[in-house]
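Just below is one structure, and these are the notes that go with it.
In the text below, chain A, chain B and the rest are named by the order of the sequence lines, each starting its count at 1.
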Amino acid sequence: VFSYNILIRGFCVNGELEKALDFFNQMEKNGCSPNLVTFNTLIDAYCKLGGIDKAFRLFRSLSKRELRPNLVTYNAILNGLCREGRMKETGAVVDEMISKGLIPDKVTYNTLVNGYCRQGNVHQALVLHAEMVRKGVAPNVITYTSLIGSMCRDGNLHRAMELVGRMRERGLCPNEVTYTTLIDGFCKQGFLDDAYAVLKEMVEIGFLPSIVTYNSIINGHCLLGKMNEAMGIIQDMKVKGLVPDVVTYSTIVSGYCKNGDLEKAFSVNQEMIEKGVLPDSVTYSSLIRGLCEQKKLTDACDLFKKMLSSGLHPDEFTYTTLIDGYCKEGDIKKAFHLHEEMLQRGILPDVVTYSVLINGLSKQARTREAKQLLFRLYYEDSVPDNITYERLMDHCCDREFKSVVSLMKGFCMKGLMTEADRVFESMLERNWGPS
RNA sequence: UCCUCAAUGGGUG
């Protein structure tokens with residue numbers, strides 16, 4: 001069983017879930033019953049590869065095999081929910097585990113703390129942090145690193161540094177990941193000096209900067225348009241024996257695109273291929289965006305096709321990039337065609353996609369279509385439920401559009417009286433006045 | 001130490 005488990009895990013971390021399942025089936029045939037660890041491995045893999053429903057299915061099937069889920073099982077499921085931003089559903093899962101006599105442990109709390117952090121809800125994360133202290137589950141470096149990361153994402157580097165102090169008071173030392181989190185935080189704000197100061201400290205303490213550390217620093221330079229320096233860092237890391245990976249190259253590619261230097265972007269793209277580092281969908285999206293920005297939509301489309309033919313799967317980022325390109329060109333028809341296409345591929349548009357489309361329509365003074373689209377957002381079950389009025393309003397700039405939304409709001413309020421639609425109800429609860 | 005938790009690249013504004 002151990003050997004099979006190890007094998008299955010290997011395929012899982014490689015994203016080769018089918019092969020993992022082959023072995024899973026094979027072990028049964030060979031009279032080797034999968035145990036809880038086998039299931040946990042698969043459940044975790046499903047969660048990470050975005051198939052949380054399948055994870056749940058496996059989870060429910062445990063009982064038929066007289067296997068009882070343990071803490072690891074629940075933690076994996078919770079992590080799956082957190083990754084999808086489905087924090088609301090975590091409460092029920094935690095209740096269920098408690099009802100089965102399982103006490104949430106450090107991993108459980110860390111998973112949830114990180115989930116809230118990623119969602120931008122530092123407050124709730126801190127509440128959980130306090131709860132774990134209260135319940136005698138001591139926070140560890142991972143807990144603090146999650147919290148520090150979320151302060152960094154808020155641009156609140158002071159609070160992040162304060163937290164480092166607080167963890168030290170508890171006798172915890174920042175590790176390589178913690179330091180990298182801080183370095184990345186400073187880099188994203190453009191404070192390269194501070195980033196280097198942290199780097200210096202981490203090296204003095206004896207940690208070796210990882211490829212992630214380097215990639216963060218490279219990104220920091222790219223964001224400031226310091227492309228030559230960024231390229232120079234690649235040399236530094238090679239000297240240190242680190243091999244640039246797809247993230248390193250994509251960072252550079254994206255940097256050149258953002259700085260309008262498509263030539264260089266494509267030559268780096270070429271270089272990575274020559275070095276055996278294959279571009280992924282992120283690399284392609286960056287290049288596609290670069291082309292769109294320069295109004296080279298035909299090239300963008302060709303590149304998109306090339307991406308498909310090389311077996312890569314486009315995602316909502318790829319499509320939104322292209323859609324935005326066409327919207328900005330005023331080619332709304334093509335934009336909606338792409339929207340159709342992504343749906344057909346089973347890729348769900350998200351808030352940004354819809355914002356792009358709606359802004360595209362309203363720029364064309366086609367408020368009627370914008371209105372219709374908004375109606376669909378509210379009425380259809382098929383749209384992702386994380387699209388809310390506020391988020392849409394947040395993302396839409398056009399005055400005219402805002403007035404359309406206001407009008408819509410009025411309609412929806414009336415709709416509430418007759419249809420008791422849950423969405424409308426929540427609108428009322430939020431007490432929206434006329435805007 | 002057969003399984004679960006933290007850091008890096010792409011989309012609108």
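Between the base of B/rG10 and the side chain of A/Asp315 there is a donor-acceptor pair shorter than 3.5 Å. At a cut-off of 3.5 angstrom, the base of B/rG9 holds no donor-acceptor pair with the side chain of A/Thr251. Taking 3.5 Å as the limit, the base of B/rG11 and the side chain of A/Asp350 contain a donor-acceptor pair of atoms between them. For A/Ser286 against B/rG11, a side-chain-to-base donor-acceptor contact under 3.5 Å is absent.
A straight line from CG of A/Asp280 to C1' of B/rG11 spans 15 Å, rounded to a whole angstrom. The nearest whole Å value for the distance from the CD atom in A/Gln189 to the P atom in B/rU8 is 14 Å. Atoms CG (A/Asn269) and C1' (B/rG9) sit 14 Å apart, rounded to a whole Å. In this structure, A/Ile211 atom CD1 and B/rU8 atom P are separated by 14 Å, rounded to whole Å. Summarising the geometry, the separation between CE on A/Met272 and C1' on B/rG10 is reported as 12 Å, rounded to the nearest angstrom.
Residues A/His313 and A/Tyr284 place their aromatic rings such that the two centres sit no closer than 6.0 Å.
Taking the charged nitrogens against the carboxylate oxygens, A/Lys328 and A/Asp324 do have a contact shorter than 4.0 Å, which makes a salt bridge. Between A/Asp184 and A/Lys188 a salt bridge is recorded (basic side-chain N to carboxylate O distance below 4.0 Å).
For the pair A/Lys334 and A/Tyr326, the cation sits on the ring face: its NZ or CZ lies under 6.0 Å from the ring centre, inside 45° of the axis.
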*Using Watson-Crick and G-U wobble pairs with both distances under 3.5 Å, what is the 5'-to-3' dot-bracket string of RNA chain B, with [ ] for crossing pairs and | for pairs outside the strand?*
.............
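Applying the 6.0 Å contact sphere to NZ of A/Lys238 captures more than 12 heavy atoms from other residues, nucleotides or ligands.
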*What does nucleotides 2-7 of chain B look like as a protein-contact string, B for base, S for sugar-phosphate only, - for none, at under 4.0 angstrom between heavy atoms?*
BBBBBB
Show which side-chain atoms of residues 91-102 of chain A pair as donor or acceptor with protein atoms under 3.5 Å away, not counting sequence neighbours.
unit_1, atom_1, unit_2, atom_2, d
A/Glu96, OE2, A/Tyr74, OH, 2.9
A/Ser99, OG, A/Glu96, O, 2.7

Name each donor-acceptor pair under 3.5 Å that joins a side chain in residues 22-31 of chain A to protein atoms two or more places apart or in another chain, with its distance.
unit_1, atom_1, unit_2, atom_2, d
A/Asn25, ND2, A/Leu21, O, 3.2
A/Gln26, NE2, A/Tyr4, OH, 3.3
A/Glu28, OE1, A/Arg65, NH1, 3.0
A/Glu28, OE2, A/Arg65, NH2, 3.3
A/Asn30, ND2, A/Tyr4, OH, 3.0

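Applying the ring pair (Phe, Tyr, Trp, His ring centres under 6.0 Å) test to every pair with at least one member in residues 101-135 of chain A, sequence neighbours left out, gives these pairs: A/His129-A/Tyr144. Applying the ring pair (Phe, Tyr, Trp, His ring centres under 6.0 Å) rule to pairs touching residues 223-281 of chain A yields nothing, sequence neighbours excluded.
For A/Lys188, a side-chain nitrogen or oxygen approaches OP1 or OP2 of B/rG9 to under 4.0 Å. In this model, the phosphate group of B/rU12 is not approached by any side-chain N or O of A/Lys363 to a distance below 4.0 Å at OP1 or OP2.
Of the listed nucleotides (B/rU12, B/rU8, B/rG10), B/rU12 has the atom at the smallest distance from the side chain of A/Asp324.
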